[in-house]
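Here's the structure, in structure tokens; my notes come after.
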Amino acid sequence: MNPSPLAVIAGAGVAGLSCAWWLSQAGWRVVLAERATHLRDGGYMMGLSGPGLYTARRMGLVPALRAVEREIGENVYRDRRGRELMRIRYRELLKQIEWITLKRTDLVSVLYDAVRDRCDMRLGMTVAACRADSLGVDVTLSDGRMLRADLLVGADGVHSALREQVFGADDGARRVEQLGYRYAAYDVEDAIGLSHDFVSYAAVGQQVEYHGLGGGRLAALHVWRSHEHGAVPSAARHALVAEVAARTHPEAARILRHLPADAPIALDDLAMIDMPTWHRGRIVLLGDAAHGLSLISGQGAGMAMASAAVLAQELGRQPVSQALLAHDRRLRPIVQRLQQRSRKLAPVYVPAAAWSFALRNAAMRALPRMLLRRYFLSGLKSELEAAAALA
């Protein structure tokens, strides 16, 4: 009797955990290797809708996600001087659209709880080497263990080490498309009494958002225009964020003073991955490693979950080589539309010039409620179309 096929997955983020769930559900044995010694998280608030929510429902995870949902009451947008630009209650504005607002950390935790008993999870471990042939992949883990796998999945994020191994470091770097912005996310004491509401302060080339989490805590997200990119050491992040906060609104600097100097800050570039193919032989990239969409798209985590579901579905229908082609063929048109949306949204979300910033603010002040609703619905339409295409 032949054993079940074996998949080795590099990365235990949203994509890797989702892939482990779907492949184990389909009868595969799964070894999941994660570089960190703990679960990774992106630190920021996110909305799960469209493909992501559709996939979560198929996985039976919606009740668990609702249990960690962070309901946002009123959303207030202000300029650098604190003047109100717009005030919205999204739940009332978009009554017929379903989504779940939660921390990315909480999504990872829910996925981990759903899959931890289904696979062999190895924290503090990486894929040190791999060599593929037409029948499988020889995988060497960083502890020296050698495995003969039927499939190797690179789900190790936008800075994927496996992508560099398989596609080449130089080629992989050329596939990283910088959008010209950086972001920083962290949790901090609620020094402004925000409770469960949302407030945003914007200035030319930068924006900061605060989501009230309840319990005296805030989730903070800074996004700013930057000509620099690349890794920022953990020890240097607090000072960099302080420099950014000083250019937005006095409230931002005041809130940051409540963050301990050694507190963790997630800081990275807003970047996308644009690759002509997501697989080579029996090695496939998944989620941000393959097609990072940036947080501006609002669909990075959702498409990672959906991509894992499509991969497992195609592997259940046909041999591995054909399944990887079908996975690419089904997802690529959706990913390309969402990436184009990110390119268009970035300069609107954080205008880099004074004139475009003033124009955006004027529009936010004057936009009638009906047109505002139509604007948001048009953005969500592409997400619903993507979910329908994956059915």
Side-chain angles (χ1 to χ4, degrees), residues 5-20 22-23 28-40 42 119-178 229-231 268-269 271-294 300 303-304 307-308 311-312 314-315 320-321 323-325 327-328 331-332 335:
L6 172 65
V8 175
I9 302 173
V14 173
L17 292 168
S18 298
C19 188
W22 282 103
L23 290 182
W28 284 62
R29 293 173 294 136
V30 176
V31 173
L32 184 55
E34 164 57 43
R35 177 187 298 274
T37 56
H38 53 83
L39 293 181
R40 290 185 290 131
C119 67
D120 179 3
M121 188 171 298
R122 306 295 185 90
L123 298 177
M125 193 169 298
T126 63
V127 172
C130 59
R131 183 180 179 87
D133 56 46
S134 60
L135 299 178
V137 188
D138 291 318
V139 179
T140 303
L141 300 180
S142 54
D143 66 350
R145 183 183 178 190
M146 301 184 68
L147 301 168
R148 177 66 174 176
D150 298 275
L151 180 69
L152 174 59
V153 180
D156 49 344
V158 69
H159 303 294
S160 171
L162 191 62
R163 185 177 66 238
E164 291 192 4
Q165 283 188 46
V166 176
F167 292 88
D170 292 339
D171 186 60
R174 285 196 295 270
R175 303 303 180 189
V176 178
E177 178 182 344
Q178 298 290 344
H229 58 84
D268 208 342
D269 306 318
M272 298 191 301
I273 305 300
D274 186 5
M275 301 194 65
T277 179
W278 300 328
H279 67 277
R280 181 164 290 176
R282 286 174 173 255
I283 304 173
V284 63
L285 300 175
L286 205 66
D288 285 349
H291 43 70
L293 296 170
S294 86
M303 284 306 298
S307 180
L311 177 63
E314 295 300 338
L315 286 168
V320 172
S321 57
L324 299 186
L325 286 170
H327 168 258
D328 191 306
L331 285 173
R332 189 168 293 275
V335 167

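As a basis for the values below, the full set of heavy atoms in this structure was taken, side chains included, without hydrogen atoms, waters or symmetry mates.
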- Message: Less than 4.5 Å apart, side chain to side chain, heavy atoms only: is that true for L151 and V137?
- Response: no
- Item | Shortest non-hydrogen contact from C119 toward V30 | CB-O, 3.4 Å
- Item | Gap between atom CG of D133 and atom CG of D138 - 0.5 Å precision | 6.5 Å
- Shortest non-hydrogen contact between A155 and I9, atoms and distance: CB-CG2, 4.2 Å
- Query: Does atom CZ of R131 have more than 12 heavy-atom neighbours, drawn from other residues, nucleotides or ligands, at distances under 6.0 Å?
  - Reply: no
- Task: Drop me the distance from E34's CD to T126's OG1, to the nearest 0.5 angstrom.
- Result: 10.0 Å
- Measure the CH2-CG distance between W28 and L315 for me, rounded to the nearest 0.5 Å. 5.0 Å
- Give the minimum heavy-atom separation between R148 and G136, together with the two atoms involved. NH2-N, 3.5 Å
- Message: Quick one, V335 and M272 - any side-chain contact, counting heavy atoms below 4.5 Å?
- Response: no
- Item | Heavy-atom side-chain contact between C19 and L311 under 4.5 Å | yes
- Task: Write down the atom of A15, the atom of A304, and the distance for their closest heavy-atom approach.
- Result: CB-CB, 3.8 Å
- Message: Rounded to the nearest 0.5 Å, what separates atom CG in D269 from atom CD in Q178?
- Response: 4.5 Å
- Note on the structure: Closest heavy-atom pair, A132 versus I283, reported as atoms and distance to 0.1 Å, is CB-CD1, 4.0 Å
- Message: With side chain to side chain contact (heavy atoms under 4.5 Å, CB included) as the test, pick out the partner of R29 among L6, L23, V8.
- Response: L6
- If you measure from OG on S160 to CE on M275, what distance do you get to the nearest 0.5 Å? 8.5 Å
- Item | Check: I273 and L285 side chains under 4.5 Å, non-hydrogen atoms | no
- Are R145 and T140 close enough that some pair of their side-chain heavy atoms sits under 4.5 Å apart? no
- Polar side-chain atom of Q165 near backbone of V127 as donor-acceptor pair, under 3.5 Å: yes
- Query: How far does CH2 of W278 sit from NE2 of H327, to the nearest 0.5 angstrom?
  - Reply: 6.5 Å
- Who pairs with R122 by salt bridge (Lys or Arg N to Asp or Glu O under 4.0 Å), at least two apart in sequence or on another chain? D120, D143
- Message: Restricting to salt bridge (Lys or Arg N to Asp or Glu O under 4.0 Å), what partner residues turn up for D328, sequence neighbours left out?
- Response: R332
- Any side-chain heavy-atom pair of H229 and V176 under 4.5 Å: no
- Query: Are the charged groups of D288 and R163 less than 4.0 angstrom apart, N to O?
  - Reply: no
- Minimum side-chain heavy-atom gap C130-L162 below 4.5 Å: yes
- Item | Beyond-backbone contact of L325 with H279, side-chain heavy atoms, under 4.5 angstrom | yes
- Item | Exam field: side chain R282 to backbone D150, donor-acceptor pair closer than 3.5 Å | yes
- Item | Exercise: identify the closest heavy-atom pair between H291 and S307 | NE2-OG, 4.0 Å
